[in-house]
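Some notes on the structure that comes next.
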Amino acid sequence: MADDTADAVRPHRHDAHETILFGGVYGAVLASAMVAALTQYGYASPARRRDDALWLLVTAGASALAHGYAHYIAERTPHRRWDALRALRDEWSLVAAVVPTAVVLAGAGWGWWPANGVEYPAFALNIALLFALGLITARRAHRSWGAAALVGVMDALLGTVVVVANAVIK
């Protein structure tokens, strides 16, 4: 009985794979939603794409801080001195998941490719990331390749919903 009470008081610690999956999915969907919101008016200049990349990183950082802080206060258990910083550190995968999209946007701003229409490769990148996260996670859970591919497709559909919503809104 004493062990059950001790377990109830101890905060839930997420394992690395759970943290990477959560942050990766959240970050990829956030990146798609931000790209959709930032490109809703059509033409974009290179300077605007550099700003979009910066806003994406700022938004991901703010989301990671908010999510980490929410975990910290939601546990309602006594905390040690550095637990708040550990909760924030655990959100690194959310920020890491938006970096590829930020690079695509910044690359358009630096003239590596056209600034106009770069949202479509960014969407494709995020959908591929969602598929890969679903596939890898399902395989780590010892699912068959077919089942893992289905999980990947379902995760990719999440990103596709954001892309379709963007098309409908425009």
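Values reported hereafter were calculated over all heavy atoms of this structure, with side chains retained and with hydrogens, waters and symmetry mates removed.
Contact record, S32 with N126: OG-CB, 3.2 Å, taken as the closest heavy-atom pair. When every heavy atom of F131 is checked against every heavy atom of G152, the shortest pair comes out as CD1-C, 3.2 Å. V98 approaches G27 most closely through the heavy-atom pair CG1-O, 3.3 Å. For the pair G159 and I127, the tightest heavy-atom approach, listed with the atom from each and the gap, is C-CG1, 4.0 Å. When all heavy atoms are compared, the tightest approach of A108 to P114 is CB-O, 3.8 Å.
Among residue pairs with one or both ends in residues 141-159, none qualify as side-chain hydrogen bond (donor to acceptor under 3.5 Å, both in side chains); sequence neighbours excluded.
The aromatic rings of Y26 and F22 are tilted relative to each other, their planes meeting at an angle between 30° and 60°.
The ring pair (Phe, Tyr, Trp, His ring centres under 6.0 Å) test applied to W110 returns W112, not counting sequence neighbours. With sequence neighbours left out, A128 forms a side chain to side chain contact (heavy atoms under 4.5 Å, CB included) with no residue at all.
Side-chain contact between L130 and V29: present, with at least one pair of heavy atoms (C-beta onward) separated by less than 4.5 Å.
With V25 as the partner, the side chain to side chain contact (heavy atoms under 4.5 Å, CB included) test is satisfied by one option alone out of L30, L94, L129, L158: L158.
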Requested in this report: Kindly determine whether D52 and R49 satisfy salt bridge (Lys or Arg N to Asp or Glu O under 4.0 Å), including the steps that lead there.
Outcome: CA-CA 5 Å; D52 290 350; R49 290 303 184 192; 3.3 Å; yes

Query raised in the report: So L157 and M154, side chain to side chain contact (heavy atoms under 4.5 Å, CB included) or not? Walk me through it.
Result: CA-CA 5 Å; L157 281 174; M154 296 307 291; 4.0 Å; yes

